[in-house]
Amino acid sequence: MSMNSKSHVVALPEPVSAQIVPIAPVTQNAAAPVSAVKTTDTARLRVVMHRVLQKAIPALLGAIVLIAIWQIAALSSKGFPTPLKTWEAAKVIFADPFYIAGPNDMGIGWNVLASLKRVAMGFGLAALIGIPAGFLIGRFSFIASMLNPIISLLRPVSPLAWLPIGLLLFQRAEPASAWTIFICSIWPMILNTAEGVMRIPQDYLNVARVLKLSEFTVMRKILFPAVLPYILTGVRLSIGIAWLVIVAAEMLTGGVGIGFWIWNEWNNLNVENIIIAILLIGVVGMVLEQGLMVIARRFSYDNR
């Protein structure tokens with residue numbers, strides 16, 4: 001039997017010619033990231049410089065306006081020193097700010113340190129008493145009802161009105177000035193701390209009650225972390241008030257201190273030195289407040 005067989009031929013594709021793809025040198029690929037890093041660093045530097053200029057230029061313009069007003073006032077008023085004359089006096093004062101020529105004749109550096117010491121004493125005592133008192137007022141309604149009328153009565157009193165009371169109680173000028181700082185700086189810490197405690201959500205306290213936590217644990221684990229930003233705000237306000245009041249208190253009590261130094265320079269008709277002391281008081285107060293603001297931002301809710 002014959003069979004017609006057909007041959008099935010499979011057409012094979014033509015061989016593909018090998019193509020050689022050129023490889024870029026390694027040195028060219030390595031240069032690209034370095035260039036990108038340099039571009040990124042330049043962009044960051046530009047952003048930083050832009051931010052610095054945004055803050056520096058308005059501050060510089062403000063200083064120029066202040067000096068111009070100062071110069072106009074000096075030309076319009078007899079005996080008022082010009083900025084240049086004050087600058088010359090400042091170079092003499094700060095050439096030796098820590099000299100000692102007698103018990104009441106010291107450099108301006110010693111006077112600033114003496115004032116800071118009094119502020120630290122009065123302010124520290126106010127913090128030790130005011131912050132716990134604020135916790136108690138915010139936590140317990142009975143204590144709030146008992147102390148709120150007393151705070152409302154005493155808080156509006158001028159700080160210098162407390163100075164004679166301090167002199168009568170302590171019979172010395174040194175504790176009396178610290179007492180004045182204490183009585184004027186305690187109120188912001190009490191009120192801000194109490195406000196922070198009262199703003200804590202009730203759910204937190206309900207959970208603590210369910211877990212049967214002790215009052216000390218509630219204070220330490222719940223109240224204090226939540227109230228810390230309010231405490232720091234009260235501390236910042238109090239330090240500004242304390243530094244403000246110490247100058248006036250030292251003018252009345254005498255001794256060593258920046259307030260007494262200003263009064264002594266006025267008696268000697270050294271107006272240039274008075275202006276220097278005013279600027280120095282502003283710088284020290286600004287440094288104290290800015291330092292506390294940095295701490296407050298560190299413990300704010302956004303950074304915790």
Side-chain angles (χ1 to χ4, degrees), residues 44-99 105-116 118-119 123 158-160 181 184-185 188 233 235-252 254 256-297:
R44 289 178 180 176
L45 182 61
R46 288 178 181 176
V47 172
V48 172
M49 291 298 297
H50 181 67
R51 291 179 180 176
V52 170
L53 290 177
Q54 277 186 331
K55 294 182 179 180
I57 291 177
L60 182 61
L61 291 176
I64 292 174
V65 171
L66 176 62
I67 293 174
I69 296 174
W70 183 356
Q71 181 68 32
I72 294 172
L75 295 176
S76 304
S77 178
K78 184 179 180 181
F80 197 82
T82 62
L84 181 59
K85 191 175 181 181
T86 305
W87 171 253
E88 296 297 330
K91 290 193 293 185
V92 175
I93 289 175
F94 291 105
D96 188 12
F98 291 100
Y99 77 87
D105 186 8
M106 299 182 181
I108 192 170
W110 292 117
N111 287 275
V112 171
L113 291 178
S115 298
L116 287 173
R118 295 187 182 100
V119 168
F123 178 80
S158 173
L160 293 182
I181 298 301
C184 74
S185 60
T233 300
V235 168
R236 182 172 62 87
L237 295 174
S238 296
I239 195 66
I241 296 173
W243 186 241
L244 177 71
V245 171
I246 190 60
V247 177
E250 289 174 344
M251 284 184 178
L252 299 176
V256 180
I258 191 65
F260 174 74
W261 193 85
I262 291 176
W263 190 251
N264 187 53
E265 295 302 315
W266 167 250
N267 292 330
N268 295 327
L269 298 179
N270 294 327
V271 184
E272 300 91 346
N273 294 352
I274 295 175
I275 295 177
I276 293 168
I278 290 173
L279 295 176
L280 182 59
I281 291 170
V283 169
V284 174
M286 182 178 64
V287 170
L288 292 175
E289 186 171 357
Q290 291 298 320
L292 289 173
M293 286 180 66
V294 170
I295 297 174
R297 284 194 294 267

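Under the side-chain contact (heavy atoms from CB on, under 4.5 Å) test applied with Pro159, the options Val245, Leu244, Ile181, Ile246 reduce to a single match, Val245.
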Check against side-chain contact (heavy atoms from CB on, under 4.5 Å), Phe260 and Ser115: CA-CA 10 Å; Phe260 174 74; Ser115 298; over 6 Å; no

Pair Ile262-Ile281, side-chain contact (heavy atoms from CB on, under 4.5 Å): steps then yes or no: CA-CA 11 Å; Ile262 291 176; Ile281 291 170; 3.6 Å; yes

Intermediate values then yes/no, side-chain contact (heavy atoms from CB on, under 4.5 Å), Ile258 and Val284: CA-CA 11 Å; Ile258 191 65; Val284 174; over 6 Å; no

Test log, rule side-chain contact (heavy atoms from CB on, under 4.5 Å), inputs Ile108 and Asn273: CA-CA 10 Å; Ile108 192 170; Asn273 294 352; over 6 Å; no

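Inter-residue side-chain proximity for Phe94 and Ile276 is flagged as met; some heavy-atom pair is nearer than 4.5 Å. With contacts defined as side-chain heavy-atom distances shorter than 4.5 Å, the pair Trp263/Leu252 does not qualify.
Taken to the nearest 0.5 Å, the CD1 atom of Ile239 stands 4.5 Å off from the CZ atom of Phe123. For the atom pair CD1 of Ile93 and CG of Asn270, the computed distance is 8.0 Å after rounding to the nearest 0.5 Å.
Minimum interatomic distance between Pro81 and Ala74 (heavy atoms only, all atoms of both residues): O-CB, 3.6 Å. When all heavy atoms are compared, the tightest approach of Ser238 to Pro188 is OG-CB, 3.4 Å.
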If you look only at distance, which donor and acceptor atoms sit under 3.5 Å apart when one is on a side chain in residues 83-92 and the other is two or more places apart or in another chain?
from: Lys85; atom 1: NZ; to: Glu272; atom 2: OE2; distance (Å): 3.3
from: Thr86; atom 1: OG1; to: Thr82; atom 2: O; distance (Å): 2.9
from: Glu88; atom 1: OE1; to: Lys91; atom 2: NZ; distance (Å): 3.3

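Legend: side chain to side chain donor-acceptor pair (under 3.5 Å) pairs involving residues 69-80, not counting sequence neighbours: none detected. For the salt bridge (Lys or Arg N to Asp or Glu O under 4.0 Å) condition, the pairs that include at least one residue of residues 236-251, sequence neighbours left out, are Arg118-Glu250, Arg236-Glu289.
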